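Data block below; observations after.
Values below: every heavy atom of this structure, side chains too, minus hydrogens, waters and symmetry copies. Letters A, B, ... are given to chains in the order of the sequence lines, protein chains preceding strands, and every chain is numbered from 1. Note that this is a predicted model, so its numbers are computed, not measured.
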2 protein chains.
Amino acid sequence: MRVLLVEDDDRLAAGVVAALEAAGFVVDRARDGQTAWFQGDTEGYAAVILDLGLPALDGLSILRRWRAGGQRVPVLILTARGDWHERVEGIDAGADDYLPKPFRMEELLARLRALVRRAAGQASAVLVNGPLVLDTRRMAVSVDGVPIHLSPQEYRLVSYLMQHAGRVVSQLELTEQLYAQDFERDSNAIEVLVGRVRRKLGGDLIQTRRGFGYLIERADPQ
Amino acid sequence: MRVLLVEDDDRLAAGVVAALEAAGFVVDRARDGQTAWFQGDTEGYAAVILDLGLPALDGLSILRRWRAGGQRVPVLILTARGDWHERVEGIDAGADDYLPKPFRMEELLARLRALVRRAAGQASAVLVNGPLVLDTRRMAVSVDGVPIHLSPQEYRLVSYLMQHAGRVVSQLELTEQLYAQDFERDSNAIEVLVGRVRRKLGGDLIQTRRGFGYLIERADPQ
DNA sequence: TTCCGGCTGACGATTCGCTGACAGGCCCGC
DNA sequence: GCGGGCCTGTCAGCGAATCGTCAGCCGGAA
């Protein structure tokens, strides 16, 4: 877990670095705004601890530049200036947390842990299998980068097959997944559904295992 | 954007509710811990403001119960007790932020906005998505730099979709976020609302995923 | 070849979302 | 208090999308 500490006061910085390293973080330190801005934008940090009172380039400006450039790294602001509108400004500039000096090291650690935990909670929800890409958040499917429009039922089918890619899924299993319990079993609804999806996705992405079920091959770089 | 305020002091609560509503939030209030616990667990709030000193069930206990039950709603703790180990305890119990009384209403709002943003994975007070810009501080929306006048309800819709840009949001979720608890579910209010917003924003900024919900595409540098 | 499981096109009932019209409620200026 | 404008939920109607059904076809395996 690598974090960036942006702090010009050597004594304070030393203390914070020691505490962070004791807590298991790997710490880089930047003394001035220029360096901080560059490093925060290019290196991949899990979090940044940012002092507002800095030489060369103000902390708030760095933060705004990062955010304007789409840099989303979690930022914890650290400053001696404790008046409320400074805080509001910092938070609205895109800081994720704020800690006024003087602070207890325990509190800094707790907040930092919370910050990292939160940022890690945003898993990418995109399933990829060869040319087939399924984005569960956008509920969108594409083949070779071309977006494909699927109806809700069709989407559910592809989603289920993708989540179980590399395994044969029986018609019975699909029926149980896609329909309510009281669904007539000797219906060819699944076959029709698969047909429709195949026409949209093209090719043989969904394979048939005659007598067993359907399958999307797993084709990942593993 | 629907939030839950857990506060037993009527006078304070009234002030906070007024400020929150003026800032565009839909507010439910709970007076005691029991109610708070139940509501926070069952209703889908964008955030919870939690007073630690409560009758019936202590604030920290509620928080721990929520977290133990997997409830991830962002929680901002509010309390008169400002010593640091209380803060650490609160944060480690799963609070996302902490504000000691007395506080400025502006700071509460800023922190609340930050909390909601963070939960949505955004990082700045100004949300940008392609031509669409939403300034949560000024409650202003513009498309291609042209300011658009939205009614409160319309603004909330756009705000919520922007906070969750790149994700399909169901009508049920929108209903829960935009309306108080006792709202009739089989109404087409959301559809009408979306229609009105679309006419104002123009184009297909708000997409429909038939059978699933609505979506504002995310178009930013990653 | 036969047979059986799967595929396909057509069809129609139903659902879903969009829209215009309308009305009640609220606020503001007079 | 009164009138007008805005806000916002309800309703009905429309058009399109959805999706199960059915009948007939195809093709692989024995």
Open item on the list: Donor-acceptor check, side chain of A/Asp144 to backbone of A/Pro131, threshold 3.5 angstrom: yes or no?
Closed with: no

Task: B/Ser151 vs D/dC6: side-chain N/O to OP1/OP2 distance below 4.0 Å - done: no

Open item on the list: It should be established whether A/Arg199 places a side-chain nitrogen or oxygen under 4.0 Å from OP1 or OP2 of nucleotide C/dG9.
Closed with: yes

Open item on the list: Using whole Å, what does the distance between atom C1' of nucleotide C/dG17 and atom CZ of B/Arg196 come to?
Closed with: 15 Å

Open item on the list: Between B/Thr208 (side chain only) and B/Arg210 (backbone N and O only), is there a donor and an acceptor less than 3.5 Å apart?
Closed with: no

Open item on the list: Side-chain N or O of B/His149 versus OP1/OP2 of D/dC7: is the shortest distance under 4.0 Å?
Closed with: yes

- [ ] Kindly write out the residues that satisfy ring pair (Phe, Tyr, Trp, His ring centres under 6.0 Å) with B/Phe212, not counting sequence neighbours, or none if the list is empty.
- [x] A/Tyr155

TODO: Give a yes/no answer on whether the side chain of A/Gln153 brings an N or O atom under 4.0 Å of OP1 or OP2 in D/dA17.
DONE: no

TODO: Kindly say if B/Tyr179 contacts the phosphate of D/dG9, meaning a side-chain N or O under 4.0 Å from OP1 or OP2.
DONE: yes

Open item on the list: What contact category does A/Tyr155 fall into here, base, sugar-phosphate, or nothing, at under 4.0 angstrom with non-hydrogen atoms?
Closed with: nothing

- [ ] Look at all strands and tell whether B/Val192 reaches a base, only sugar-phosphate, or nothing, counting heavy atoms closer than 4.0 Å.
- [x] base

- [ ] Could you pick out which residue, B/Phe212 or A/Arg210, lies toward the 5' side of DNA chain C when each is mapped onto its nearest nucleotide?
- [x] A/Arg210

TODO: Look at the side-chain N and O atoms of A/Tyr214 and state whether any lies under 4.0 Å from the OP1 or OP2 oxygen of C/dG6.
DONE: no

Open item on the list: Regarding A/Arg198, tell me which of base, sugar-phosphate or nothing describes its non-hydrogen contacts under 4.0 Å with the strands shown.
Closed with: sugar-phosphate

Open item on the list: Once you apply a heavy-atom cut-off of 4.0 Å, does B/Glu191 come out as touching a base, just sugar-phosphate, or nothing?
Closed with: base

Open item on the list: Can you see if the side chain of B/Ser187 gets near the phosphate of D/dT10 - specifically, an N or O under 4.0 Å from OP1 or OP2?
Closed with: yes

Task: Nucleotide D/dG20, atom C1' - distance to CG of A/Leu178 in whole Å - done: 13 Å

- [ ] Side chain of A/Thr208 only, please: which of C/dC7, D/dC19, D/dT8 is the nearest?
- [x] C/dC7

TODO: Mind listing the closest non-hydrogen atom pair of A/Met139 and B/Arg209 along with its distance?
DONE: O-NE, 3.4 Å

- [ ] Provide, to the nearest angstrom, the distance between the CG atom belonging to A/Asn188 and the P atom belonging to D/dA23.
- [x] 11 Å

- [ ] Figure out the CZ/C1' separation between B/Arg209 and C/dC16, and round it to whole Å.
- [x] 16 Å

TODO: Report the distance from atom CG of A/Leu150 to atom C1' of D/dT18, rounded to the nearest whole Å.
DONE: 13 Å

TODO: Please state how far atom CG in B/Leu157 lies from atom P in D/dC7, giving the value in whole angstrom units.
DONE: 15 Å

TODO: Mark yes when over 12 heavy atoms from residues, nucleotides or ligands other than B/Trp66 sit less than 6.0 Å from its CH2; otherwise mark no.
DONE: yes

